[in-house]
Amino acid sequence: MSSTPVHIVIAGAGPAAQALVRRLAGDGSDSRQRPFDGTITVLSNRDECPDALLELAELPQVSVRFGQAASFIDPEAKIVTTVDGMEFSYDQLVIATGSAPSLPPVVGAEASLSYSTIDDATDIGEAVKNVTRIVGRRPLGILVGNGPAAGQAEAVLRARGVRPVRTTLRPAAVVSSNVDTLVSDSAVPATRIVFEDGSSMNGDLVVLAEERTARAELAESAGLQIASDGGIAVGRDLATSVPGIWAIGDAASCDGLRLGLLLSAESSAMLCVSGMLLGAWGSSQQAAKAA
């Protein structure tokens, strides 16, 4: 007897959630992955949607609910309730609610680069290539931050040929360059930062690597274990303290560090799928065969 199709609900629609959907309902090019014949519901807190998620929403197994952020989990009934009161039952639930800045945003921050997860290294690398081409020398980078993310960002910059000047002063504003060529050609026009004490620094690019806080309110509603850093505590397989619930991306914490600083979105998705395959899916198939 064939097993009952699994219904997976993903709370969140960011990069980690998108990577998970691709891994679950992709084109099957990965021969090592068991075919997934279940259904996936993605609960997004945004009304608008990136093109990447729209493409995934066209897959027959996938349903994306826009503007329906998950707000409460009943782990015994296996039901997720959204902010508008909609209820979704699940066999497996994945929390991918991400993180938020611990401090208010810096004025002009959108003109700078940011580093909060390993995935940001790719964007920084592309920006460094562009700036290097424009300035014609090894760029000088201003790096703001004093936590683990800042340490990783410094290593990323050095590996890509940037001379990083790191500061822990709290910035008040990021200022765009007045050089016309840099503004028109570069994806990183910000070259100056002003601090709260009135001092300032100039460079060729600015990277903000300020600390972030996991969005763990949804996990708390289900009584999941929360790590000391505020993230959702997960094991190496990304399973939470409640069976059938997993956490990926920057909402989760493993070995005392935000998962986004340990694993890329793709790696996180791969581990989560592997854990579900080895756990609940295998158990459900055995139960179906026994029946």
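A side-chain donor-acceptor contact under 3.5 Å links Ser253 and Asp229. Remark: the Thr82 side chain and the Asp84 side chain contain no N/O donor-acceptor pair separated by less than 3.5 Å.
Proximity of Val6 to Met276: side-chain heavy atoms (C-beta onward) are nowhere separated by under 4.5 Å. Counting heavy atoms from C-beta on, the side chains of Val9 and Val42 never come closer than 4.5 Å. With contacts defined as side-chain heavy-atom distances shorter than 4.5 Å, the pair Val107/Val174 does not qualify. Leu238 has its side chain within reach of Leu259: a pair of non-hydrogen atoms, C-beta onward, lies under 4.5 Å apart. Residues Val206 and Leu208 are in side-chain contact: their nearest non-hydrogen atoms beyond the backbone lie under 4.5 Å apart. Taking 4.5 Å as the limit, some side-chain heavy atom of Val144 sits within range of a side-chain heavy atom of Ile193. Within the 4.5 Å cutoff, the side chain of Gln225 has no heavy atoms near those of the Thr240 side chain. Here the side chains of Tyr115 and Asp123 are not in contact, with every heavy-atom distance at 4.5 Å or above.
Taking each heavy atom of Ile124 and Ser114 in turn, the nearest pair found is CD1-O, 4.2 Å. Of all heavy-atom pairs between Ile248 and Ala17, the closest is CD1-N, 4.3 Å. Counting all heavy atoms, side chain and backbone alike, Arg258 lies closest to Ala149 at NH2-CB, 3.9 Å. Residues Ala13 and Leu53 approach most closely at CB-CD2, 3.6 Å, considering heavy atoms. The two residues Val162 and Leu140 have their closest heavy-atom pair at CG1-C, 4.3 Å. Closest of all the heavy-atom pairs between Ala214 and Gly230 is CB-O, 3.8 Å.
To the nearest 0.5 Å, atoms CG (Leu24) and OG1 (Thr39) are separated by 10.5 Å. The CD atom of Gln18 sits 9.5 Å away from atom CG of Leu54, with the distance rounded to the nearest 0.5 Å. Atom CD1 of Ile232 and atom CH2 of Trp246 lie 14.0 Å apart (nearest 0.5 Å). Between the CZ atom in Arg160 and the CD atom in Glu126 there is a gap of 9.5 Å [rounded to 0.5 Å]. Here the straight-line distance linking atom CZ of Arg23 with atom OG of Ser274 works out to 7.5 Å at 0.5 Å rounding. For the atom pair SG of Cys272 and CD1 of Ile10, the computed distance is 8.0 Å after rounding to the nearest 0.5 Å.
Leu271 and Val242 are not part of a single hydrophobic cluster, where members link through side-chain heavy atoms under 4.5 Å apart. Cluster membership for Leu262 and Ile226, using ILVMFWY side-chain heavy atoms within less than 4.5 angstrom, is not shared. Under the 4.5 Å side-chain contact rule for hydrophobic residues, Tyr90 and Val83 do not share a cluster. Note: the hydrophobic cluster containing Ile40 does not contain Val80 (ILVMFWY, side chain heavy atoms under 4.5 Å, direct or indirect links).
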### Message
For a side-chain contact (heavy atoms from CB on, under 4.5 Å) check, start with the C-alpha distance between Leu205 and Ile142, then their side-chain angles and the critical distance, and finish with the verdict.
### Response
CA-CA 6 Å; Leu205 56 87; Ile142 304 171; over 6 Å; no

### Task
Might you work through the side-chain contact (heavy atoms from CB on, under 4.5 Å) test for Glu266 and Asp119, ending with a clear yes or no?
CA-CA 9 Å; Glu266 291 292 340; Asp119 291 306; over 6 Å; no

### Task
Check step by step if side-chain contact (heavy atoms from CB on, under 4.5 Å) holds for Ile134 and Thr132.
CA-CA 5 Å; Ile134 293 169; Thr132 302; over 6 Å; no

### Task
Tell me, with the steps shown, if Leu93 and Ile8 meet side-chain contact (heavy atoms from CB on, under 4.5 Å).
CA-CA 6 Å; Leu93 171 65; Ile8 297 175; over 6 Å; no

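Of the options Leu143, Val207, Leu157, a side-chain contact (heavy atoms from CB on, under 4.5 Å) to Arg166 is made by Leu143 and by none of the others.
Listed by chain and residue number, Val175, Arg192, Ser200 satisfy the side-chain contact (heavy atoms from CB on, under 4.5 Å) test with Val194 (two or more places apart in sequence, or in another chain). Contacts of Ser99 classified as side-chain hydrogen bond (donor to acceptor under 3.5 Å, both in side chains), with partners at least two apart in sequence or in another chain: Arg212, Asp250. By the salt bridge (charged side-chain N to carboxylate O under 4.0 Å, His left out) test, Arg215 pairs with no residue at all, sequence neighbours left out. Remark: Arg65 engages Thr41, Leu43, Ser63, Gln68, Met86, Phe88 in a side-chain contact (heavy atoms from CB on, under 4.5 Å) (not counting sequence neighbours). Applying the side-chain hydrogen bond (donor to acceptor under 3.5 Å, both in side chains) test to Arg138 and every residue at least two apart in sequence or in another chain returns nothing. The side-chain contact (heavy atoms from CB on, under 4.5 Å) search around Glu87 returns Ile79, Thr81, not counting sequence neighbours.
The backbone N or O of Leu261 sits less than 3.5 Å from a side-chain atom of Gln152, completing a donor-acceptor pair. With His7 contributing its side chain and Gly38 its backbone, the two residues share no donor-acceptor pair below 3.5 Å. Judged by distance alone, the side chain of Ser241 and the main-chain N or O of Leu224 form no donor-acceptor pair under 3.5 Å.
Between Arg236 and Asp255 a salt bridge is recorded (basic side-chain N to carboxylate O distance below 4.0 Å).
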